[in-house]
Every structure is written in C-alpha cells, then in structure tokens.
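Report on the following structure.
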Amino acid sequence: MDVDIRELNVGALPSAIDALDDRVLLALSVRKAEAAATRRLMAVAALFSLGGGMVAGSVFVPSAVAASPLTPLIPASPLAPSTILDAR
C-alpha cells in the first residue's frame, strides 16, 4: 500500500483538478451576486407595494357612515349587568 501511495504522490494531477478551485470560486461569486440582486429586487417590490397601498388608501377614501346597531329589532337585554355595557 505504501508503494501505491508513493506512485500517486509522484504522478501529475489532471488539469481538471487544478481548475476545480477556480470553477468553485466562480460559482460562489455568481451565487453571491444573485443573492444580492434578489435582496435588492425584494426591497424594491416591498417599497412599491407599500407605496401603492398608501396611494390607494389615500386616493380612494370612502365617505364615513355612522354604524347601525347589529340587531335593531331586539331590545336591550334585561340580563345585561349594566346599561353602560349596552352598545346601543
């Protein structure tokens, strides 16, 4: 086994192994650039969405209407502990 290991140590490495580091580092830099671009795109989408919501909420404001009681046909409950709690 020692002889086999010495033969492997003496032999030249294939060129693909020498280029492997460069390919891995290039792929990592591309992935890092894509992640940064994705973060920027998400930030722009969030700002656009919030801005659109603010504009739509301020431009299309419905007129204020007084709320009517939910049950107009039922009188105040005699079992209510207080008339202060009666919503009508």
Side-chain angles (χ1 to χ4, degrees):
M1 189 164 150
D2 290 337
V3 174
D4 293 334
I5 292 176
R6 284 188 194 111
E7 286 177 8
L8 287 174
N9 192 23
V10 172
L13 291 175
S15 63
I17 292 178
D18 286 337
L20 184 63
D21 290 339
D22 296 333
R23 290 186 300 180
V24 168
L25 291 176
L26 179 65
L28 286 175
S29 67
V30 168
R31 180 177 274 180
K32 187 177 179 180
E34 288 174 352
T38 301
R39 273 187 251 121
R40 279 189 296 253
L41 184 62
M42 291 298 286
V44 167
L47 289 174
F48 183 75
S49 176
L50 289 172
M54 288 175 60
V55 168
S58 63
V59 171
F60 305 113
V61 177
S63 59
V65 177
S68 62
L70 295 175
T71 55
L73 302 177
I74 300 174
S77 173
L79 300 177
S82 171
T83 56
I84 297 172
L85 299 177
D86 190 15
R88 291 178 250 168

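Residues: numbered from 1 along the sequence shown.
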Worksheet entry | side-chain contact (heavy atoms from CB on, under 4.5 Å) partner of R6, chosen from D4, D2, L8 | D2
Worksheet item: Can you tell me if S49 uses its side chain to pair, donor with acceptor, with the backbone of A45 under 3.5 Å?
Response: no
Worksheet item: What's the spacing between E34 CD and R31 CZ if we round to 0.5 Å?
Response: 8.0 Å
Worksheet item: L28 and L20: same hydrophobic cluster, using ILVMFWY side-chain contacts below 4.5 Å?
Response: yes
